[in-house]
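These numbers come from the heavy atoms of this one structure, side chains and all, not from hydrogens, waters or symmetry mates. Chain naming here is simple, since letters A, B, ... match the order of the sequence lines and numbering starts at 1 in each.
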Number of protein chains: 2
Amino acid sequence: MEEWINQLQRNGYKLTRPRRLLLEYLESMERPFTADELYHELSRSGIGRATVFRALKLFLELDILVRVHLEEGCQHYQASPGFPGDDHHHDRIICRSCGDIQLLDQCPMRDDVSTIAHRSGYRLQGHHLDLYGICSRCDQKTHGLDAEE
Amino acid sequence: MEEWINQLQRNGYKLTRPRRLLLEYLESMERPFTADELYHELSRSGIGRATVFRALKLFLELDILVRVHLEEGCQHYQASPGFPGDDHHHDRIICRSCGDIQLLDQCPMRDDVSTIAHRSGYRLQGHHLDLYGICSRCDQKTHGLDAEE
DNA sequence: TTCAAAAATGATACTTTGTATCAATTGGAG
DNA sequence: CTCCAATTGATACAAAGTATCATTTTTGAA
């Protein structure tokens, strides 16, 4: 939160009431959310739709937010896993059932990436790894339907 | 192409003129494209906008297409790298300058994935890895601006 | 072949997601 | 405190995608 506010001001953006409220919401939201959710939540405080979208865009640029990419589309956003300027490097594990997102603290790509870069002739800037599956909680729930009771 | 048509019919979908034209276009397009591009290209053959979107959705489900996820959004589609039913496993390396996409033939995640799954308690179903960088062609062009001429 | 049923299509209207415009407001440097 | 650029909210718009429905096509059986 403090970090985010610094990140804003360091880049010459003002800390306004709407932005503060948005950041507070971000901090409290662990799960991915849509722009619309965000708007409906904050419109009660008088924040306009345009402002929400403007802030989303800004926060993405400042690495305060990241998009959550699902096969259905990417209308979901989430507070950025790493701290700002984190080299655009997001490794996550996502539950297809409940939407839970775990961040991978240790990047599984460490050695491989440079090898790949070399072979492909690319100058790599970052990567984005999403693992998809079912979290243990959901897994148990599903099995419960058959086995239990 | 043959494979795609089988994939359609195997799942009980009809091979219609619009779908054939769409598949032909897909086959010829190596780069990612937007729905709008596709529509404008094919509207001359009398294919309607709704049909294009319907087909995109269907082709995604059938793994004939995949979305290309960029930080700006994911309005781009591309013919699926693997053959259908490929376990939802897409590893790519994408040029942020020209949009070129190389497919990684060998998955760099082989061992790591199972380790991660175990630690996280997830039952993994698939993953999606995008590496971002600048391809050698674009890299040379950029350097050319300074050095050359 | 022909034919009928189901699936698919194209036109249209609509929803959702996001952007541009612009007058009114506000944060924060001095 | 004051002022000015940055920001805001309202509104209108654009782009991306979906729902509806009457009409057309595909396909499989007679």
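- The distance from atom CD of B/E61 to atom P of D/dT18 is 10 Å, rounded to the nearest whole Å.
- A/A35 comes within 4.0 angstrom of the backbone, heavy atoms only, and of no base.
- Proximity note for B/R54 (side chain, C-beta onward) versus D/dA16, C/dA11, C/dG27: the nearest is C/dA11.
- Of the residues near DNA chain C, A/Y77 and B/Y13, the one whose nearest nucleotide (by heavy atom distance) lies more toward the 5' end is B/Y13.
- Side-chain proximity of A/P18 to the nucleotides D/dG9, D/dA16, D/dG17 is greatest for D/dG9.
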Going through the checks in order, is the side-chain contact (heavy atoms from CB on, under 4.5 Å) test met by B/H76 and B/F33?
CA-CA 5 Å; B/H76 289 77; B/F33 50 85; 5.9 Å; no

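- Counting heavy atoms from C-beta on, the side chains of B/L38 and B/Y77 never come closer than 4.5 Å.
- In this structure, the CG atom of A/N11 is 21 Å from the P atom of D/dA5, given to the nearest Å.
- Across all strands, B/L56 comes closer than 4.0 Å to no nucleic acid atom at all (heavy-atom distances).
- Closest to the side chain of A/D36, out of D/dG9, C/dG18, C/dT17, is C/dT17.
- Residue A/R19 places no side-chain atom within donor-acceptor reach of the base of C/dG27, judged by atom type and a 3.5 Å distance cut-off alone.
- Closest approach to the B/K14 side chain among D/dG17, D/dG9, C/dA7 is made by C/dA7 (side chain taken as heavy atoms from C-beta onward).
- Atom CG in B/L58 sits roughly 14 Å away from atom C1' in C/dT9 (whole-Å rounding).
- Using a distance-only test at 3.5 Å, with no hydrogens or angles considered, a donor-acceptor pair links the side chain of A/N11 to the main chain of A/Q7.
- Taking only side-chain atoms of A/T16, from C-beta outward, the nucleotide of C/dG27, D/dT11, D/dG17 with the closest atom is C/dG27.
- Using a 4.0 Å cut-off between a side-chain N of Lys or Arg and a carboxylate O of Asp or Glu, B/R19 and B/E24 do not qualify as a salt bridge.
- Both B/T34 and B/L15 sit near DNA chain D, but only B/T34 has its closest nucleotide nearer the 5' end.
- Out of D/dG17, C/dG18, D/dT8, the shortest distance to the side chain of A/T51 is found at D/dT8.
- Between the CZ atom of A/R20 and the C1' atom of C/dT26 there is a distance of 12 Å, given to the nearest Å.
- Atom pair A/L22:CG and D/dT7:P shows a separation of 14 Å (rounding to whole Å applied).
- Under 4.0 angstrom from either OP1 or OP2 of D/dT27 there lies at least one side-chain N or O belonging to B/Q9.
- A donor-acceptor pair under 3.5 Å links the side-chain atoms of B/T34 to the main chain of B/E37, judged by distance alone.
- Mapping B/R49 and B/S45 onto DNA chain C via the closest heavy atom, the residue that lands nearer the 5' end is B/S45.
- Closest to the B/R17 side chain, of the nucleotides C/dT19, C/dG10, D/dT26, is D/dT26.
- In this structure, B/F53 atom CZ and C/dA13 atom P are separated by 18 Å, rounded to whole Å.
- In this structure, the CG atom of B/L38 is 12 Å from the P atom of C/dG10, given to the nearest Å.
- Here A/R17 contributes atom CZ and A/R20 contributes atom CZ; the two are 8.5 Å apart, rounded to the nearest 0.5 Å.
- The CZ-P distance, from B/R44 to C/dG10, rounds to 15 Å in whole Å.
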